[in-house]
Amino acid sequence: MSRLVVKNLTKIFSLGFFSKRRIEAVKNVSFEVKEKEIVSLVGESGSGKTTTAKMILRLLPPTSGEIYFEGKDIWKDIKDRESLVEFRRKVHAVFQDPFASYNPFYPVERTLWQAISLLENKPSNKKEALELIKESLFRVGIDPKDVLGKYPHQISGGQKQRIMIARCWILRPLLIVADEPTSMIDASSRGGIIKLLEELREEQGTSIIFITHDLGLAYYVSDNIFVMKNGEIVERGHPDKVVLEPTHEYTKLLVGSIPKLYRKLEDL
């Protein structure tokens with residue numbers, strides 16, 4: 001069963017109020033994401049993958065096309081605050097820049113309290129809510145005493161990103177849109193972030209859209225890969241097909257940039 005269906009999605013930006021020049025950032029993009037599936041949108045900066053993600057998250061309206069989540073058109077069927085809150089509970093984002101996800105004037109756990117406020121079945125009191133926050137932090141490998149009460153500048157990028165995934169543990173979303181979640185953290189933390197996302201998939205049945213410029217990383221985490229260039233999907237399919245038997249010249253270029261240590265091609 002498809003959890004998300006994207007049909008003929010297009011986004012056009014106009015440059016300036018009086019300018020007639022337009023940029024077609026996303027061009028007639030279509031794909032599906034099934035239950036418990038990890039799919040990757042792969043491409044260089046400006047390929048349209050982040051714009052696509054923003055439309056799926058209801059942060060940016062499409063110029064044309066349709067996005068269906070759990071059978072509902074997210075831009076036509078979500079009309080009131082109650083249905084929007086339900087959507088936010090079921091569809092969650094982990095953004096590229098963990099620093100931008102926090103207000104520097106508040107302790108970092110504020111984002112977890114906000115997640116609790118979205119829950120349909122909220123804890124009965126503040127003590128139970130705090131225990132849920134602590135449990136979510138333990139689940140992502142953080143000792144609560146290392147981060148609770150601290151401000152964003154007092155913890156590492158890896159910890160910030162793990163807290164955002166702890167927020168996912170609290171909400172238990174059906175779909176996570178992870179936009180370059182490992183690009184701004186150190187190499188030692190990247191594997192842990194990927195593992196946490198995979199655990200959410202296995203334990204919660206969560207589907208994941210993984211957005212990255214790194215085709216090698218997409219190869220190892222994805223069930224399906226969609227390669228984007230200039231706003232279009234130029235190649236799609238199982239990771240083995242896309243990486244080992246690429247047909248589009250751009251995909252071949254991306255494959256050629258994957259370090260040999262990363263891709264196991266010498267074993268073939």
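As a basis for the values below, the full set of heavy atoms in this structure was taken, side chains included, without hydrogen atoms, waters or symmetry mates.
- For the side-chain contact (heavy atoms from CB on, under 4.5 Å) with His92, the lone residue among Leu171, Leu118, Thr206 that qualifies is Leu171.
- Heavy-atom neighbours of Lys54 NZ from other residues, nucleotides or ligands within 6.0 Å: at or below the threshold of 12.
- Of all non-hydrogen atoms in Ala93 and Leu57, the two that sit nearest each other are CB-CD1, 3.7 Å.
- Rounded to the nearest 0.5 angstrom, Ile209 CD1 and Ile56 CD1 are separated by 4.0 Å.
- Formation of a donor-acceptor pair under 3.5 Å by the Lys241 side chain with backbone atoms of Pro246 is not found in this model.
- Residues passing the side-chain contact (heavy atoms from CB on, under 4.5 Å) test with Ser207 are Arg3, Val33, Leu175, sequence neighbours excluded.
- More than 12 heavy atoms of other residues, nucleotides or ligands lie within 6.0 Å of NZ in Lys122, so this atom counts as buried by the packing criterion.
- Once rounded to the nearest 0.5 Å, the distance linking CD1 of Ile142 with CD1 of Ile155 reads 7.0 Å.
- A search for salt bridge (charged side-chain N to carboxylate O under 4.0 Å, His left out) contacts involving Glu24 returns nothing, not counting sequence neighbours.
- A salt bridge is absent between Glu202 and Lys195: the closest approach of a Lys/Arg side-chain nitrogen to an acidic carboxylate oxygen does not fall below 4.0 angstrom.
- Applying the side-chain hydrogen bond (donor to acceptor under 3.5 Å, both in side chains) test to residues at least two apart or on different chains, the pairs with a partner in residues 145-154 are Asp143-Lys145.
- Counting only residues at least two apart or on different chains, the salt bridge (charged side-chain N to carboxylate O under 4.0 Å, His left out) pairs with a member in residues 219-236 are Glu44-Lys229, Arg201-Asp223.
- Scored by the side-chain contact (heavy atoms from CB on, under 4.5 Å) test, Asn121 finds no partners at all (sequence neighbours excluded).
- A search for side-chain hydrogen bond (donor to acceptor under 3.5 Å, both in side chains) contacts involving Thr10 returns nothing, not counting sequence neighbours.
- Side-chain N or O atoms of Ser222 include none that pairs as donor or acceptor with a backbone N or O of Ile225 at under 3.5 Å.
- Atom CZ of Phe138 sits in a crowded spot, with more than 12 heavy atoms from other residues, nucleotides or ligands closer than 6.0 Å.
- Taken from CH2 in Trp169 to CD in Gln204, the straight-line distance is 5.0 Å, to the nearest 0.5 Å.
- In this structure, the separation between CD on Glu66 and OG on Ser30 is 9.5 Å, given to the nearest 0.5 Å.
- With Asn224 as the partner, the side chain to side chain donor-acceptor pair (under 3.5 Å) test is satisfied by one option alone out of His238, Lys34, Glu37: Glu37.
- Side-chain atoms of Tyr250 and Asn230 form no donor-acceptor pair, as typed in the model, at a separation below 3.5 Å.
- Between the side chain of Gln161 and the backbone N or O of Phe95 there is at least one donor-acceptor pair closer than 3.5 Å.
- Using a 4.0 Å cut-off between charged nitrogen and carboxylate oxygen, Glu86 and Lys90 count as a salt-bridge pair.
- Between the Thr212 side chain and the Asp214 main chain, a donor and an acceptor come within less than 3.5 Å of each other.
- Between the side chain of Ser257 and the backbone N or O of Leu254 there is at least one donor-acceptor pair closer than 3.5 Å.
- Rounding to the nearest 0.5 Å gives a distance of 5.0 Å between CD of Glu198 and CD1 of Ile38.
- Both cation-pi conditions hold for Lys11 and Phe13: the charged atom is under 6.0 angstrom from the six-membered ring centre and inside a 45 degree cone around its axis.
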